[in-house]
Structures are given as C-alpha cells and as structure tokens.
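Letters go in sequence order (proteins before strands), and every chain restarts at 1. Treat the numbers as computed from the prediction; the structure is a model and nothing was measured.
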Amino acid sequence: DTAVSQTPKYLVTQMGNDKSIKCEQNLGHDTMYWYKQDSKKFLKIMFSYNNKELIINETVPNRFSPKSPDKAHLNLHINSLELGDSAVYFCASSHIRTGGDTQYFGPGTRLTVL
Amino acid sequence: GENVEQHPSTLSVQEGDSAVIKCTYSDSASNYFPWYKQELGKRPQLIIDIRSNVGEKKDQRIAVTLNKTAKHFSLHITETQPEDSAVYFCAASNTGNQFYFGTGTSLTVIP
C-alpha cells in the first residue's frame, strides 16, 4: 500500500483559477508537510501540520492555505493561481521527535499554470 | 533561521569511482541530517541519515560523516554504479518540524 499519496498527479489550469491538491498518509505519522520544487529542483518547505496545528508557515503567499481535516490528511488549496505557481508540489509526513525523523514523500503533483 | 549550502551542484564520475557531496549548515542547534536521493520524475527518498551524537554512519556503499564543530556533513558513495545517477539533497533539522534542504547535487555516473 502507498504510504503517502497525492492527487492529482498532474494539474493544468488557467491563471486566476482556484485549485486543490489532496494528500493522505497511512503511516500513522503525526506531522505532515507541503514542499514546492521549482524548475531548478530547489525544495522549499511551505507548511507543516502537527496534530491539526500549523507549526510552520514559511513566507508563502496567503493565496496558499493548508487544510487538515484529520491527522492523516493535509490538503493544499491555492487561490488565484499565477504563472509563478507552476512547480511540483510534494506532500510528506513524519513523526515529530527530538532530533527529527525520516520524512516520507508523496509522488508529487505537477502543477502547470497557463 | 538555518541555511544549508551544498556542493557541488553537478558531479560526474566514472563507474566504480567514488563520489563525495558536501553540505554546511549555520544553526548549531541542528541535530538531524538526512540525505535524500531523487531520480528523474520521482519523489525524494531517504538514503541515509545521521544524528548529532554520531560522527559517521555507513550503509553498504553509502556513508555519511558529520563534523559538528565545523558544521559540515558529507555523503560518500563508493563503487558508483549507473543507477546511482540522480539528484541528491542534504537537509538539516533541529526540531523535526523544520527541514532545511540544500540546493541539490546532480550526480551522473558514466558507464
């Protein structure tokens, strides 16, 4: 069974639209993350959620909002999409503990904004 | 905040040779250092990690070393094979909920 899954795998949309990406993990982890990987392959953390509380909110536009209906899900909503939002978005999960723990990544969602 | 630098950005080696990738970090509170391998079109996957109470860790052909004083850590791959070709990322974390990634190293193993 897939440990961390994301849908959709590909998302092509027009500027100005609103879209969502879903993420689910079945590892029983208590923390989930969203990363953005741009065309240069840089991985930047956007958000992390622990027990339904937002722990990190990096300097991302407020057009991006994470929503966690339960510990196993962390969805990413994006409003008013812009060309610069085109990237691959990865969801990840881990257990929080002192000193960090292994993150497991989802397969990624390639977002293309036209 | 933490700043992780990674070098080189690209690396080409002959099959069978060794490859070394180096990272430095700025926050002395960082205590967990994972390495991820990302093949083309795939997700990053953990290949090895090290915690600050350990200086070196090995797993078959892969090893990681950590120098806390100098704030740098390195990935060593011996007897490289074509399937080792990928982008490798280092990362640093101090709490488990903040991970700072290096900019990646694109490794090409030439058969």
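- A distance-only check finds a donor-acceptor pair linking the side chain of Tyr36(B) to the backbone of Gln103(A) [under 3.5 Å].
- Rounding to the nearest 0.5 Å gives a distance of 14.0 Å between CZ of Phe101(B) and CZ of Phe42(A).
- A chain of hydrophobic side-chain contacts below 4.5 Å, direct or via other Ile, Leu, Val, Met, Phe, Trp or Tyr residues, connects Met15(A) to Tyr89(A).
- The OH atom of Tyr35(A) lies 14.5 Å from the CZ atom of Arg43(B); values are rounded to the nearest 0.5 Å.
- When hydrophobic clusters are built by joining Ile, Leu, Val, Met, Phe, Trp and Tyr residues whose side-chain heavy atoms come closer than 4.5 Å, directly or via intermediates, Leu40(B) is not grouped with Val13(B).
- Clustering ILVMFWY residues whenever any of their side-chain heavy atoms sit less than 4.5 angstrom apart, transitively, puts Val54(B) in the very cluster that holds Trp35(B).
- Both the backbone and the side chain of Pro44(B) have a heavy atom closer than 4.5 Å to some heavy atom of chain A.
- Distance CZ/Phe105(A) to CG/Leu46(B): 9.5 Å, rounded to 0.5 Å.
- Note that CD of Gln38(B) is 6.0 Å distant from NZ of Lys41(A), once rounded to the nearest 0.5 Å.
- Other residues, nucleotides and ligands contribute at most 12 non-hydrogen atoms within 6.0 Å of the NZ atom of Lys58(B).
- Looking only at side-chain heavy atoms (C-beta outward), Leu43(A) and Tyr100(B) stay at 4.5 Å or farther from each other.
- The distance from the OG atom of Ser48(A) to the CZ atom of Phe99(B) is 9.5 Å, given to the nearest 0.5 Å.
- Under the 4.5 Å side-chain heavy-atom criterion for Ile, Leu, Val, Met, Phe, Trp and Tyr, Val113(A) and Tyr10(A) are members of distinct hydrophobic clusters.
- By the criterion of side-chain heavy atoms lying less than 4.5 angstrom apart, applied directly or through intervening Ile, Leu, Val, Met, Phe, Trp or Tyr residues, Val20(B) is not grouped with Val64(B); the two fall into different hydrophobic clusters.
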